[in-house]
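In what follows, every heavy atom counts, from backbone to side chain, and hydrogens, waters and symmetry copies are set aside.
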Amino acid sequence: MVRDERSVTPQSEDFSAWYNDVVFRAELVDRGPVRGSMVIRPYGYRIWELLQADLDRRIKATGHQNAYFPLLIPQSYMQREAEHVEGFAPELFTVTHAGGKELEEPLVVRPTSETIIGEMMAKWISSHRDLPLLLNQWANVLRWEMRPRMFLRTSEFLWQEGHTAHADAADATAETMLALGFYQDLAVEVAALASVPGEKTPGERFAGAERTFTIEAMMRDGRALQSGTSHFMGTNFAKAFGITYTSENGTAELCHTTSWGMSTRMVGGLIMTHGDDKGLVLPPALAPYQVVIVPIGRAEQAEATLAAAAELAGRLERSGIRTHVDARPQLSPGFKFNDWEMRGVPLRLELGPRDLAAGTALMSRRISYPRADAAKEAIPLDAAPDLLSAELAAFQAMLARRAADFRDEHTATVSTWPQFADAVATGWALAFHCGDQACEDDIKAETTATPRCVPLAGEPEQGKCVRCGKPSAYGKRVIFARAY
RNA sequence: CGGGAUGUGGCGCAGCUUGGCUAGCGCGCCUGCUUUGGGAGCAGGAGGCCGCGGGUUCGAAUCCCGCCAUCCCGACCA
């Protein structure tokens, strides 16, 4: 392929340059005027909407209700939970003036909503009959990030944050795991990510949480991306905000709360999981257009192929396939092929005079796996809806398998330090760790790798710390990786 | 906050060292004609407070001082 201003930097040359090229060329985003801000363009926003719709359905199906809480939070709220304020203080946007005057109490722009929701929960909950309280909100949050990156770390991002209150720890823990399941299922079934659910080590916990669970997905450069988190707060926030209830026995009890979130970051995750040197590759479940039809021909031929393309698109739409006809008259077919490949459309159909005469269309898959197969395939027009539905399902499964294979090929179970260093240079290492913060810091200083999670799956295992040789702390091997 | 770069039509850049005449190139855009099965061709055209503020000079995109912003690399994070 000729390298010019129309193609992207190859992944092998510079992965992060590749990522940047793709998000802009595919018109997912543009830069906002403020450092670290991101304009999500229609094509990118559609991906988010599809992700959002799927997760929203899962959340509602399990008894949660959507609500909306204010963007502005009194600064004092943030300070009530000691670890929470310490964790978020460096990232806060603070409003000091309003209406042309300095405010008596500064307002914080939410970096997350535990505090304001905690405050409201305290007001709404008084009896065990009010529990569990299962809330979710879709919102934007702001955090001042030192090093912004489109979708992965922007100063403002969109997310969903679930907040729940429960009578006891067991119920809250079950909720925490339920939410983690939403994310894992969404990641694997919809985004086709290779993610691993697990628990964060104490050093990586959410500020104020007792336990933090995560799904960690592997990107094509071997790094890990935290793609969703679920926190068990114990009674920390209940104490700070007075979230109490009267039990059946008449005693006053503290609630156990949870919170969990998935953000626009996941869009970055699917870009880095599936994309290649031709651009984006989208899983059908999240593709704004699952099938793009490129009509070919000029003048009177164009009339015929355009009409046929529109007719076909109508039939595909009616069978639930998101279809787009690229009718731009001034652009050549070759340009359109490259354009839709850049945008990651799973299936493309070419419809020209030759195809029309034969009653077929030429189908081309954005990628194939495990065998790379660039061949275009003629498919009969009358059977297209069923055929393409099946192709899309196969494409979705193929991407998930490709991602999982890639993850497995780049994950090594290691027991020595040299093996460990090797593994985290290109992927993930499964290793025993002593659990000491100093040892974790040492590993990070040497390799830039950090503990991503203790995987939920697998049997308990004991061993010696890969770095210092002390007994392992977590009863299992820990995933270490360089992370985003 | 450290380190490195860059600010010039929508995008990507050249010009700056050695100040000068109308600020140039590619892509994109507009118009016309021809073209359409892997990034079309030709012709014509539009579009620029050269990041901002000062200074030096007859004259500044170019030299000097200051500021601002963005990007990339590290430590933090969904």
Side-chain angles (χ1 to χ4, degrees), chain A residues 1-7 9 14 16-17 19-21 24-25 27 30-37 86-92 111-112 139-161 183 200 203-207 212 214-217 224-231 259-269 278-279 294-299 301-302 305-306 326-342 348-356 361-362 364 374 376 378 441 444-445 448 450 482-484:
Chain A
M1 184 195 275
V2 182
R3 179 81 184 288
D4 56 26
E5 72 278 356
R6 290 174 304 194
S7 59
T9 308
D14 183 343
S16 96
Y19 179 82
N20 266 325
D21 285 351
F24 293 117
R25 296 285 175 70
E27 296 185 351
D30 208 343
R31 283 184 220 292
V34 175
R35 193 188 89 100
S37 69
E86 194 188 329
F88 281 100
E91 309 182 358
L92 292 180
T112 179
N140 57 339
V141 288
L142 269 74
R143 299 178 186 179
W144 186 253
E145 297 292 352
M146 297 181 201
R147 197 142 124 55
R149 245 153 121 26
M150 291 293 152
F151 287 116
L152 303 175
R153 242 183 346 253
T154 46
S155 51
E156 176 183 2
F157 58 94
L158 304 181
W159 77 348
Q160 146 285 317
E161 48 180 324
Y183 300 144
K200 284 292 187 190
E204 301 275 328
R205 250 180 226 147
F206 178 79
T212 287
T214 175
I215 59 167
E216 298 284 328
L225 181 75
Q226 181 173 313
S227 307
T229 47
S230 185
H231 315 289
S259 76
W260 27 278
M262 184 280 302
S263 73
T264 36
R265 169 179 263 198
M266 197 179 272
V267 177
K278 287 170 152 184
V294 179
I296 293 163
R298 259 264 130 185
Q301 288 185 329
T305 54
L306 246 179
D326 188 349
R328 294 175 290 179
Q330 74 282 14
L331 297 177
S332 70
F335 181 92
K336 292 176 183 176
F337 299 162
N338 284 289
D339 195 34
W340 293 112
E341 280 161 7
M342 176 68 71
R348 187 184 69 234
L349 295 179
E350 299 171 33
L351 198 55
R354 291 206 296 265
D355 309 293
L356 273 190
L362 264 194
S364 148
K376 298 176 184 178
D441 293 345
K444 184 171 186 179
T448 76
T450 51
R482 293 168 302 138
Y484 276 99

Watson-Crick or G-U wobble partner for [N], using a 3.5 Å limit on both distances?
N      : answer
C16(B) : none
C42(B) : G32(B)
A61(B) : none
C1(B)  : G74(B)
C67(B) : G51(B)
C27(B) : G10(B)

Taking all heavy atoms of [X] and all of [Y], pick out the closest pair and write down the distance.
X       : Y       : answer
G297(A) : A302(A) : O-CB, 3.4 Å
A207(A) : G87(A)  : CB-CA, 3.8 Å
A327(A) : L306(A) : CB-CD2, 3.7 Å

Original post:
With a non-hydrogen cut-off below 4.0 angstrom, is K336(A) in contact with a base, only sugar-phosphate, or nothing?
Top reply: nothing
Original post:
Within the structure shown, what part of the strands sits under 4.0 Å from R348(A) by heavy-atom distance: base, sugar-phosphate, or nothing?
Top reply: base
Pairwise [atom1] distance, [M] and [N] [rounded to whole Å]:
N      : M      : atom1 : answer
C11(B) : A75(B) : C1'   : 33 Å
C16(B) : U56(B) : P     : 25 Å
C50(B) : G24(B) : P     : 14 Å
G28(B) : G15(B) : P     : 23 Å
C58(B) : G19(B) : C1'   : 12 Å
G20(B) : G59(B) : P     : 15 Å
C21(B) : U34(B) : C1'   : 40 Å
C52(B) : U35(B) : P     : 47 Å

Original post:
Taking atom types as they are modelled, is there a donor-acceptor pair under 3.5 Å from the base of G37(B) to the side chain of D355(A)?
Top reply: yes
Original post:
Could one point to a donor on the side chain of E341(A) or the base of G39(B) with an acceptor on the other under 3.5 Å away?
Top reply: no
Quick one: [X] [atom1] to [N] [atom2], roughly how many Å, whole number?
X       : N      : atom1 : atom2 : value
L351(A) : G37(B) : CG    : C1'   : 11 Å
R25(A)  : G28(B) : CZ    : C1'   : 13 Å
I296(A) : G38(B) : CD1   : P     : 8 Å
D21(A)  : G12(B) : CG    : P     : 11 Å
Q330(A) : C29(B) : CD    : P     : 7 Å
D339(A) : G28(B) : CG    : P     : 13 Å
F335(A) : G41(B) : CZ    : P     : 12 Å
F24(A)  : U70(B) : CZ    : P     : 14 Å

Spell out, as yes or no, whether a donor-acceptor pair under 3.5 Å connects the side chain of [X] to the backbone of [Y].
X       : Y       : value
Q160(A) : W260(A) : yes
Y19(A)  : M150(A) : yes
T448(A) : R482(A) : no

Original post:
Which parts of nucleotides 71-78 of chain B does protein reach within less than 4.0 Å, heavy atoms only, written one letter per nucleotide 5' to 3' as B for base, S for sugar-phosphate only and - for none?
Top reply: SSSBBBBB
Original post:
Under the 6.0 Å and 45° cation-pi test, does R265(A) pair with F157(A)?
Top reply: no
Subject >> Ion pair R328(A)/D339(A), N-O distance below 4.0 Å >> reply: yes
**OP:** Decide yes or no on side-chain contact (heavy atoms from CB on, under 4.5 Å) for H231(A) and R205(A), but give the supporting numbers first.
**Re:** CA-CA 8 Å; H231(A) 315 289; R205(A) 250 180 226 147; over 6 Å; no
